[in-house]
Structure formats: C-alpha cells, structure tokens
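Computation of the quantities below employed the complete heavy-atom set of this structure, encompassing side-chain atoms and omitting hydrogens, waters and symmetry-equivalent molecules. If you're wondering where the values come from, they're calculated on a predicted model, not measured in any experiment. Chain identifiers are assigned alphabetically (A, B, ...) following the order of the sequence lines, protein sequences preceding nucleic acid strands; residue numbering begins at 1 within each chain.
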Protein chains: 2
Amino acid sequence: MVHIISKKTVSFIGAKLAAHIDEQLFTKYGFKVEQLMELAGLAAAQAIAAHYPKSNVAVLCGPGNNGGDGFVCARHLQQFGFNPSIIYPKESRNELMKSLVIQCETSNIPVNTTLPSDLKPFPLIVDALFGFSFKPPTRDPFTQILKTVRESGIHVFSIDIPSGWDVEKGAESDDVIHPHAVISLTLPKMCMKNWTGPHFLGGRFIPRGLVDEHQLQMPEYPGFEQIVKIED
Amino acid sequence: MVHIISKKTVSFIGAKLAAHIDEQLFTKYGFKVEQLMELAGLAAAQAIAAHYPKSNVAVLCGPGNNGGDGFVCARHLQQFGFNPSIIYPKESRNELMKSLVIQCETSNIPVNTTLPSDLKPFPLIVDALFGFSFKPPTRDPFTQILKTVRESGIHVFSIDIPSGWDVEKGAESDDVIHPHAVISLTLPKMCMKNWTGPHFLGGRFIPRGLVDEHQLQMPEYPGFEQIVKIED
C-alpha cells in the first residue's frame with residue numbers, strides 16, 4: 001500500500017542543514033508554518049493509518065512545531081477513524097498552537113496536560129514532543145513522561161525525531177523514547193541512519209531550488225502520494 | 001485508483017449553507033485559512049494527477065480563496081511532475097495571497113497577469129478563478145479570459161465551482177467556463193447536481209460537530225485518502 005524506497009536513495013541530513021532548510025522555507029521560499037505543519041501532520045497520520053489498525057491513540061505534543069505536527073496529526077487521525085486524545089504538558093503562548101488546541105477541542109479530541117494514570121486503553125502512543133532542534137537532556141515534566149511511556153511498553157510512533165534523541169547522535173542516554181516506528185519529515189536526520197524499525201518519510205514540499213542548492217537526494221514519491229516507506 | 005462513491009451518498013449544499021460552514025470553520029472551530037487551503041489545493045492536485053497525464057498546465061487564479069487553492073494546487077502539481085504556470089489577472093493585497101505568489105515564483109512556477117497569446121502548449125487549464133461566493137455576471141478582465149478559454153477548446157478542470165456559474169443554479173449564461181472535470185470541496189454544491197462529467201470530491205476536514213449540526217451526508221473516504229470520485 002505504501003511505496004518502498006531504499007535508504008541509499010535519500011540524503012540523511014544533520015542538525016545544521018535541517019535548521020537551514022527550515023529557515024529558508026519560511027524566508028526565501030515564503031511558506032507559512034500553518035501550511036507545512038498541515039502537510040507534515042497529514043503525512044504522519046497517513047503513515048500511522050497505513051501501519052496500525054484503528055484504535056485509541058494518545059498523542060503527546062510538545063510546545064514547539066513538532067507538537068504542532070502532533071495536533072494536526074490527531075485531527076487527521078480522527079478523520080481516518082482513530083480515536084485520538086492529546087497530552088499537552090506545556091502550553092505554548094504561540095497563537096497557532098492556541099488555534100490547534102481549539103481545533104482539537106471543538107472536534108471532541110480531549111486535550112489534557114498530564115498522562116492518564118492508566119495507559120492501558122491506548123494501544124498506540126504518538127510522540128510529537130521534540131523535533132530536530134531539541135538538545136538533550138530532557139527536563140521535567142518531560143523526563144517523567146518519557147519514563148512512564150518507556151515503562152508502559154506501549155508501541156510508540158515518533159514524528160521526525162524520537163523524543164530525547166540528539167538529531168545527529170541519536171539516543172545518548174536511556175532517558176529517551178524508544179519508538180516502534182518513525183516518520184521522518186522532508187528528509188531523514190542523521191540519528192536515523194542505523195535505524196532498522198519501520199521508517200516512513202513524508203513532507204513532500206521541498207522546492208527544487210533548495211534541493212539543487214544542497215544537492216539533496218530526495219525520495220521518489222509515486223503518483224500523488226504524500227508518504228513512502230524507507231527500507232534497506 | 002481513486003475510490004468511487006455514489007452521488008446519492010453525499011449532501012449537495014446551497015450557497016447559504018456553504019457560507020455558514022466556511023464561516024464556522026474559521027470561527028467556532030478555530031481553523032486557519034492556510035491550513036484548509038493547503039488541504040483543498042492538495043486534493044485538487046491529487047485529482048488532477050489521478051485523471052490526467054503529466055503535462056504543462058495553466059492554472060487560472062482569482063483574487064480570493066478559490067485562487068489561493070489554485071496556487072497551492074500548482075505547487076503540489078509541480079511536486080507530482082506537472083509543469084504549472086499561473087495566470088493571476090487581479091492581484092490581491094491579502095498577505096497570504098502575496099506569500100503564495102512568492103512560494104510559486106521561488107519554485108520556478110511563472111506567475112503572469114495575462115493569458116499567454118498561444119494556449120496550445122497547455123493541454124490542460126485549471127480554473128481557480130471564482131468559488132462558491134461568486135455571484136454572476138463576470139466582469140473584465142475575467143469575461144474576456146473565460147471567452148478565450150472557452151474558445152480554445154482546451155480541457156478545463158475546475159476547482160469547487162466552474163467559474164461564472166451560480167453556486168445553486170449553475171450556468172445561467174454562455175459567459176462561463178464549461179469544464180471537462182470538477183473537484184468539489186468539502187461537499188458538492190447544488191449547481192453540480194446534474195453534472196455528469198468526471199467529478200471528484202476533496203476537503204476531508206469537516207469536524208463532526210458541523211456534520212451533526214446540519215445532518216450532512218459526508219462522503220466515505222477509504223483509508224487515509226484525501227479524494228474520492230462521485231458517480232451516479
């Protein structure tokens with residue numbers, strides 16, 4: 001159902017390049033965060049719907065753009081027949097994040113600040129806590145949340161970067177998420193180089209100019225698809 | 001490739017309800033125009049890629065949100081391997097529309113104010129001039145553009161409403177676009193009730209609350225798809 005590409009056919013990018021691409025998209029290329037976040041969250045939801053059966057799903061959202069992707073993902077998951085609940089431990093003052101909360105709440109997607117005391121009703125957790133700009137170590141309340149999630153043994157699907165990982169070096173301590181599956185956005189980051197679990201790629205919006213400037217190896221998406229799966 | 005649903009399984013909505021749904025999405029439900037425009041434009045591009053071979057395509061964009069959908073559609077069409085050019089006769093002062101122009105121009109999608117004197121290099125025209133809030137008659141420069149497009153005999157794909165049509169009564173004069181195919185957004189409008197040509201539907205983002213409030217018959221999208229095709 002999802003087209004498979006080889007790991008050898010795409011660039012794995014470092015922290016500096018990821019930040020540069022992000023910055024250029026919103027300056028030189030004139031994109032709005034809302035636009036690309038919508039595509040990122042949609043791609044994440046599509047990968048989840050391709051990989052897991054419909055279920056309750058707890059979506060952990062951080063205060064930054066990775067968390068925003070999580071909110072958007074939750075909205076689309078609901079459209080796809082999943083039953084999402086959002087855990088949003090640290091509220092952002094950002095106007096877009098406030099809108100995302102309203103969108104979810106008015107769509108009957110609960111938004112809570114703490115993990116439910118019993119995680120058993122959730123066969124799946126989506127990790128949208130930290131993205132590529134995160135620098136370890138984690139702090140509370142996140143350290144505690146990661147620990148609880150880790151100890152629950154529940155399948156975790158991470159958006160872009162498994163939370164707690166360094167974008168280049170990966171997991172540098174045990175104080176991180178050990179996901180079951182990951183979707184990389186735009187291009188996989190260095191920390192995913194040795195990853196052998198299920199690995200999706202989405203974010204089909206990089207302009208040709210950026211591709212050429214950095215000689216990026218972009219994935220070959222078939223037809224009008226928004227996600228592919230990366231294998232060896 | 002695209003899932004087919006029966007016309008009998010979806011609501012056809014009038015001008016008042018279409019306007020009300022639109023208004024509620026951006027107030028009560030907290031959506032940003034950028035978000036829904038991205039999904040609408042993506043769905044339009046997906047329908048085009050599902051229905052036509054890759055080619056040069058002239059995308060006619062009006063100054064309102066229907067035109068914005070056209071800009072987004074053009075960007076995604078380029079990602080899908082089409083070669084879009086935008087015709088944007090009446091520049092909007094709207095800040096989002098300005099960003100959409102920048103996004104296309106920096107992606108090497110030409111943005112011009114007039115139709116090319118020779119339309120032959122374009123086997124396909126996307127009509128994103130007017131949406132559901134348009135009231136006939138058209139005015140110049142649009143009257144002349146519609147005439148040129150009509151006389152060219154080139155296949156036209158309309159986004160949401162064929163330009164010049166009344167949202168409920170359809171074509172009330174000859175001074176309109178006669179499309180080859182149409183994508184309706186969120187739900188088809190009354191003017192599409194007797195349409196027998198290729199008919200796609202996209203815009204999978206209506207919250208349950210709005211569906212229930214108006215007892216809307218929403219399309220059954222399969223899996224994580226963003227478009228379906230409507231047949232008798």
With a 4.5 angstrom heavy-atom cut-off, is it the side chain or the backbone of [X] that approaches chain A, or both, or neither?
| X | answer |
| --- | --- |
| B:Ala45 | neither |
| B:Leu77 | neither |
| B:Gln226 | side chain |
| B:Leu100 | side chain |

Checklist line | For A:Leu96 against B:Gln35, the heavy-atom pair lying closest together | finding: CD1-NE2, 4.2 Å
Next item on the list: Would you mind telling me which of B:Leu39, B:Asn108, B:Leu25 has the largest number of heavy-atom pairs within less than 4.5 Å of chain A?
Entry: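 Going by pairs under 4.5 Å, I would pick B:Leu39.
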Notebook entry, point to check: Relative to chain B, which of A:Glu38, A:Gln103, A:His76, A:Glu34 shows the most heavy atom pairs under 4.5 Å?
Noted result: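 It is A:Gln103.
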Item checked: Residue-level interface, residues 86-95 of chain A with chain B, non-hydrogen cut-off under 4.5 Å -> A:Glu95
Item checked: Contact listing (chain B partner; residues 203-211 of chain A; heavy atom under 4.5 Å) ->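 Within residues 203-211 of chain A, the residues that come under 4.5 Å of chain B (heavy atoms only) are A:Arg204, A:Phe205, A:Ile206, A:Pro207.
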Item checked: Which portion of A:Met218 sits near chain B, non-hydrogen atoms under 4.5 angstrom ->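 Looking at A:Met218, nothing touches chain B.
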Under 4.5 Å between any side-chain heavy atoms of [X] and [Y], yes or no?
| X | Y | value |
| --- | --- | --- |
| A:Ile227 | B:Phe224 | yes |
| A:Gln24 | B:Thr106 | no |
| A:Gln46 | B:Glu225 | no |

Item checked: Nearest-0.5 Å distance, CE of residue A:Met37 to NZ of residue B:Lys32 ->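 The distance works out to 11.5 Å.
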Note to self: Measuring from atom CZ of A:Phe31 to atom OG of B:Ser99, what distance do you get when rounded to the nearest 0.5 angstrom?
What the structure shows: 10.5 Å
Next item on the list: Give a yes or no on this: more than 12 heavy atoms of other residues, nucleotides or ligands lie within 6.0 Å of atom CD of A:Glu220.
Entry: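 No, CD of A:Glu220 has 12 or fewer neighbouring heavy atoms, counting only those of other groups under 6.0 Å.
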